[in-house]
**Student:** 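Quick one: the structure is below, questions incoming.
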Amino acid sequence: MDVEHHAPPPPSGPVPWDKDFAFRLLADMLRIRRMEEKSAELYGAGKIRGFLHLYIGEEAVAVGALHALQPQDNVVATYREHGHALVRGLSMNSIMAEMFGKREGCAKGRGGSMHLFDAATRFYGGNAIVGGGLPLAAGLALAAKLRNEDRVTACFFGDGAVAEGAFHEALNLAALWKLPVLFCCENNLYGMGTAIERAEAQTDLCVKAGSYGMAALSCDGMDIVDVHEKTREAAARVRAGEGPLFVEYRTYRFRAHSMFDAELYRAKAEVEEWKTRGPIHTFTARLKAEGKLAEEEFLALDAAAMKEVEDAVAYAEAGSWEPVEEMLADVTTPPEAAP
Amino acid sequence: MTRRLSYREAMREAMREALQNDPRVFLMGEDVGRYGGTYAFSKGFLDEFGPERIRDTPLSELGFVGAGIGAALGGLRPIVEVMTVNFSLLALDQIVNSAALLRHMSGGQFPVPLVIRMCTGAGRQLAAQHSHSFEGWYAHIPGIKVLAPATIEDARGMLAPALADPDPVVIFEHCGLFNVEGELPDNGDDCAVDIASAKVRRAGKDVAIITYGGCLPKALAAAETLAQDGISAEVLDLRVLRPLDDAAIAAAVAKCRRVVVVDENWKSGGLAAEIVARIVEHAFFELDAPVARVCAEEVPIPYAKHLEEAALPQPDKIVAAVKGLFA
């Protein structure tokens with residue numbers, strides 16, 4: 001491997017949260033981890049098909065960032081979005097049912113793993129065209145601005161999207177029109193199998209975003225404290241009308257890109273090094289060291305996550321298939337209902 | 001009482017009415033504001049409605065069409081103007097992969113009430129990169145409606161129902177029609193038309209000429225010539241390219257038993273091919289002759305006037321095609 005990607009030093013310093021809040025964030029990371037592990041297993045068993053992109057290793061980003069938002073905010077995500085959907089408030093039942101292709105899923109089984117949607121929590125997908133969500137986010141923010149709504153639009157995308165024209169067009173529009181968008185770049189150092197150094201002439205993504213005249217900051221995506229604190233501050237600035245803001249989360253995907261990836265493009269030692277910086281166990285260790293978390297409490301949180309997964313799988317198994325006769329519904333408004 | 005106005009004025013009036021009637025409506029696109037619109041469709045709008053609602057964009061088709069989709073999701077009713085269909089190819093990803101799919105893919109949760117208007121077609125010596133007709137591509141896509149106003153009545157009346165539609169609507173305005181004039185009822189009368197049906201623009205009995213958009217005046221001219229030769233041609237204006245009005249097409253075939261399809265798109269894999277296929281599938285035994293097509297020649301539209309004219313459907317080509325069915 002021509003480029004080595006070393007993990008940052010372990011997080012240090014006190015966790016600036018009360019026990020209740022820290023537990024909620026730890027619990028959400030565990031819920032994602034257990035759901036994703038189960039999804040991989042169910043993929044092997046043929047229950048989940050299509051493409052499946054796991055979020056294992058990156059949990060601190062979705063959990064830390066989404067807990068910095070408010071219920072009225074918009075969220076736009078990518079095809080690696082199970083975790084975002086879950087933290088945003090979709091039930092694990094509806095996510096699992098969607099991955100099973102059941103009509104009880106959050107998109108009636110029509111979208112699958114890459115296309116989770118939920119109007120109630122303003123979760124706008126589940127976009128599987130890399131970069132495709134960014135212009136949508138600019139438009140959602142434009143609507144909020146023109147309607148004088150207190151609404152931040154958080155748009156998640158990976159480092160791969162930064163090479164797309166949509167990234168540059170959306171950042172330019174958002175900055176030009178001072179739109180309330182929080183651009184959340186999950187830089188896991190690889191666009192599928194292509195290392196960022198092999199894809200970007202400028203690998204400092206904050207320089208790229210900053211060139212559009214918006215504030216850009218970077219944080220340790222393996223450290224949930226850093227993720228949450230910086231995102232909270234960034235979201236407050238966007239909400240206050242400062243215009244868009246770019247946050248880079250430097251993170252790492254522990255598993256393959258999708259279930260079809262032999263991982264020929266990165267060294268095992270690199271993956272192992274980053275795993276030592278896993279967001280769940282480092283946060284757990286910090287909480288324990290501060291006396292905020294006992295082993296029994298951790299086990300209880302983990303057991304609750306596993307129980308939720310077990311229930312979600314049962315829910316998805318018991319779900320039904322959308323009748324083929326209904327397949328064409330929602331392509332467009334039926335003529336009789338049209339004006 | 002009626003009054004006379006141009007296609008351009010009719011479209012401008014329709015947009016102005018929409019902006020006046022619904023605060024959710026706004027216009028966005030390249031040079032729609034200070035410049036007054038590339039084709040002067042929005043002249044004066046910036047002063048009347050302000051820069052928030054008459055929004056000049058950078059040369060950024062993918063970005064601002066996508067932003068239109070997002071704004072529609074966010075509760076507004078955007079009219080996004082793309083300067084020409086040629087430039088819309090830069091935004092095709094957002095139109096196809098987002099606007100058209102979101103409603104179904106989200107299990108019905110996220111309809112996209114967006115109107116995209118664009119100029120289409122050749123005939124003004126703008127050469128190959130500004131003379132395309134891609135209506136057929138757009139009509140290929142489930143999830144969007146495709147309109148082709150070819151008359152003053154439709155230029156004035158199609159926008160309101162398009163904005164009221166909960167789904168994305170793409171409106172193709174042929175550049176050759178902008179200065180065409182016609183009669184409309186006085187302002188204040190309801191101008192809205194349906195966006196579901198095809199319309200017979202000239203009744204006839206011997207041959208059905210099926211067409212739309214910029215080819216409609218050419219088809220009507222051909223029908224006039226044919227009438228002098230004793231052939232009674234019916235001219236059916238499709239108006240709505242997706243979904244097609246199959247009943248109107250079938251009725252024209254059953255009535256006239258001979259059909260010529262006229263379409264400025266290229267023949268191969270084009271909209272005319274789809275129409276012919278439907279006729280063959282559903283009305284084959286009504287036909288007294290094979291169906292003929294008059295389409296653009298399979299060539300990038302040339303600049304030189306004589307070549308451009310030769311590359312496009314023209315009244316004399318339509319007349320020849322009709323006469324070929326009676327040979």
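Remember, predicted model here, so these are calculated numbers, not experimental data. Both backbone and side-chain heavy atoms feed into the values below; hydrogens, waters and symmetry mates do not. Per chain, numbering begins at 1; letters A, B, ... match sequence-line order.
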**Student:** Identify the heavy atoms of B/P58 and A/L173 that sit nearest to each other, and give their distance.
**Tutor:**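 So the minimum-distance heavy-atom pair works out to CD-CD2, 3.4 Å.
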**Student:** Let me confirm one number: the CG-CD1 distance from B/N97 to A/I129, rounded to the nearest 0.5 Å.
**Tutor:**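 Going from CG on B/N97 over to CD1 on A/I129, the span is 3.5 Å.
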**Student:** Could you have a look at A/T332, A/L328, A/V76 and say which one has the most heavy-atom pairs with chain B under 4.5 angstrom?
**Tutor:**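 The candidate making the most pairs under 4.5 Å is A/T332.
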**Student:** Donor-acceptor pairs under 3.5 Å, side chain of residues 66-77 of chain B to any protein atom, not counting sequence neighbours: which ones?
**Tutor:**
none

**Student:** Counting only heavy atoms not in B/K199 (residues, nucleotides, ligands), do more than 12 fall under 6.0 Å from its NZ?
**Tutor:**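 Counting neighbours around NZ of B/K199, more than 12 heavy atoms of other residues, nucleotides or ligands fall under 6.0 Å, so yes.
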**Student:** Supply the atom-to-atom distance A/L134 CG to B/Q94 CD, rounded to the nearest 0.5 angstrom.
**Tutor:**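 Reported to 0.5 Å precision, the distance equals 9.0 Å.
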**Student:** Does a sphere of radius 6.0 Å around CZ in A/F51 hold more than 12 heavy atoms from other residues, nucleotides or ligands, not counting ones at 6.0 Å or beyond?
**Tutor:**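 No, CZ of A/F51 has 12 or fewer neighbouring heavy atoms, counting only those of other groups under 6.0 Å.
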**Student:** Taking atom OG of B/S60 and atom CG of A/N172, what is their separation to the nearest 0.5 Å?
**Tutor:**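 With rounding to 0.5 Å, OG (B/S60) is 6.5 Å from CG (A/N172).
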**Student:** Could you grab the distance from atom CE of A/M327 to atom NE2 of B/H104, nearest 0.5 Å is fine?
**Tutor:**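 A/M327 atom CE to B/H104 atom NE2 measures 7.0 Å (nearest 0.5 Å).
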**Student:** Determine which residues belonging to residues 174-181 of chain A lie within contact range of chain B, meaning some heavy atom pair is under 4.5 Å apart, and list them by number or answer 'none'.
**Tutor:**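 Heavy-atom contacts from residues 174-181 of chain A to chain B are A/L176, A/W177.
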**Student:** Does atom CD (B/E48) have a neighbourhood of more than 12 heavy atoms from anything else shown, all under 6.0 Å?
**Tutor:**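 Counting other residues, nucleotides and ligands, CD of B/E48 exceeds 12 neighbours.
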**Student:** Output the distance between atom OG1 (B/T57) and atom CD (A/E169), rounded to the nearest 0.5 Å.
**Tutor:**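 Result: 10.0 Å between the selected atoms.
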**Student:** Under 4.5 Å, heavy atom to heavy atom, which residues of residues 113-125 of chain A contact chain B?
**Tutor:**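 Result: A/H115, A/F117, A/D118, A/A119, A/F123, A/Y124.
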**Student:** Please output the residues of residues 141-157 of chain A in contact with chain B, using a heavy-atom cutoff of under 4.5 Å, in numerical order.
**Tutor:**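 Interface residues of residues 141-157 of chain A: A/L142, A/A143, A/L146, A/R147.
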**Student:** Side chain, backbone, both or neither: which part of B/F26 has a non-hydrogen atom closer than 4.5 Å to chain A?
**Tutor:**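 For B/F26, the contact with chain A is made by the side chain alone.
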**Student:** Given a strict heavy-atom distance threshold of 4.5 Å, which part of B/R24 is in contact with chain A: side chain, backbone, both, or neither?
**Tutor:**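 Nothing of B/R24, per the 4.5 Å heavy-atom cut-off to chain A.
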**Student:** Rounded at 0.5 Å granularity, tell me how far CG in B/L102 sits from CG in A/D330.
**Tutor:**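 Spacing of CG (B/L102) from CG (A/D330) equals 12.0 Å.
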